[in-house]
Amino acid sequence: MPKEARPSTGEQAKQHALTQLRQAILQGDMAPAQRLVENELAEQFDVTRASIRAALIDLAAEGLVERIRNRGSRVRVVTVEEAVAITECRMVLEGLCAAKAAVAASDEQLTELTDLGRAMTKAVADGEPVTYSELNSELHHKVREFSGQQTAVALLERLNAQLVRHRFQLALRPGRPQQSLSQHLAMIETITARDPQAAEAAVRAHLTSVIAALRD
């Protein structure tokens with residue numbers, strides 16, 4: 001929407017601020033513990049302070065922002081133990097999605113997963129951890145999408161948003177892409193074999209490894 005046509009007040013303004021703030025946090029443009037000053041954000045996004053305040057309340061409910069009494073808001077810091085707890089929840093939900101995808105995905109969708117596996121293998125061989133991290137996220141997104149389990153998908157989107165910084169740091173850790181590649185390929189192999197129990201087990205094994213890496 002052109003700037004001159006964008007409403008500065010009301011629900012549309014809040015949604016605009018919410019979208020922009022969420023994207024900035026998820027992309028790392030706003031660092032953990034960074035103060036979120038309502039006046040500055042209102043000017044930056046050309047909306048009222050009330051719209052910013054409403055957006056921050058929504059982001060706090062999503063676990064992305066922390067509101068501190070009498071001190072305003074800041075980007076929430078997710079501790080390692082919190083990241084572990086979130087990943088334990090992911091293990092159950094993503095295992096469910098993998099099992100569902102093994103049954104529900106079309107042949108064309110399974111081919112997409114196979115192609116992603118090849119691209120991930122190439123990224124590791126070429127020493128491209130950022131590309132690998134992006135493909136990793138895409139793989140997990142596709143498995144969720146192909147599962148058709150919309151309740152699990154919605155829950156996972158909220159959980160994963162809180163982990164974005166930890167996941168990126170893990171992807172850049174030396175040796176981590178090589179270690180996780182075989183786990184992701186096992187996920188793809190079991191889903192494309194249409195073996196729901198093995199697919200769920202592969203996801204659980206992968207996320208158990210992620211927990212160990214977070215604690216390392």
Between the main-chain N or O of Leu36 and the side-chain N or O of Gln34, is there a donor-acceptor pair closer than 3.5 Å? no

Treating Ile, Leu, Val, Met, Phe, Trp and Tyr as nodes and any side-chain heavy-atom pair under 4.5 angstrom as an edge, say whether Val210 and Val78 lie in one connected cluster. no

Does the His16 side chain pair with the main chain of Val47, one donor and one acceptor, at a distance under 3.5 Å? no

For residues Lys14 and Ser51, report the shortest heavy-atom separation together with the two atoms involved. CG-O, 3.7 Å

Min side-chain heavy-atom separation Lys142-Glu145 under 4.5 Å: yes

Taking the side chain as everything from C-beta on, heavy atoms only, tell me whether Ser180 gets closer than 4.5 Å to Tyr132. yes

Option among Glu82, Glu62, Arg76 that satisfies the side-chain hydrogen bond (donor to acceptor under 3.5 Å, both in side chains) test with Gln162: Arg76

Quick one, Met30 and Leu41 - any side-chain contact, counting heavy atoms below 4.5 Å? yes

Starting from Ile86, can I reach Leu26 by hopping between I/L/V/M/F/W/Y residues whose side chains sit under 4.5 Å apart? no

May I ask you to decide if Ala213's main-chain N or O and Arg173's side chain share a donor-acceptor pair within less than 3.5 Å? yes

Any side-chain donor-acceptor pair under 3.5 Å between Thr111 and Thr114? no

Could you measure the distance from the CG atom of Leu64 to the OG atom of Ser73? Nearest 0.5 Å is fine. 12.0 Å

Which pair of non-hydrogen atoms, one from Val203 and one from Gly95, has the smallest distance, and what is that distance? CG1-N, 3.6 Å

Heavy-atom side-chain proximity of Val92 to Arg204 below 4.5 angstrom: yes

Would you say Arg194's side chain and Ala105's backbone share a donor-acceptor pair under 3.5 angstrom? yes

Do Arg53 and Arg67 have side chains that approach each other closer than 4.5 Å (heavy atoms only, starting at C-beta)? yes

Less than 4.5 Å apart, any side-chain heavy atom of Phe146 and any of Ile191? no

Determine, using the 4.5 Å side-chain heavy-atom cutoff (strictly less than), whether Ile211 and Val80 are members of one ILVMFWY cluster. yes

Compare all side-chain heavy atoms of His184 with those of Asn136 and state whether any distance is below 4.5 angstrom. yes

Check each of Arg90, His141, His140 against Asn160 using the side-chain hydrogen bond (donor to acceptor under 3.5 Å, both in side chains) test, and report the only one that passes. Arg90

Sub-4.5 Å side-chain heavy-atom contact between Met120 and Leu185: no

If Ile, Leu, Val, Met, Phe, Trp and Tyr residues are connected whenever their side-chain heavy atoms lie under 4.5 Å apart, and connections chain through other members, are Leu214 and Met91 in the same group? yes

Arg158 side chain to Ala61 backbone, donor-acceptor under 3.5 Å: yes

Does the Glu128 side chain pair with the main chain of Thr131, one donor and one acceptor, at a distance under 3.5 Å? no

Does Leu163 belong to the same Ile/Leu/Val/Met/Phe/Trp/Tyr cluster as Val75, with side-chain heavy atoms less than 4.5 Å apart forming each link? no

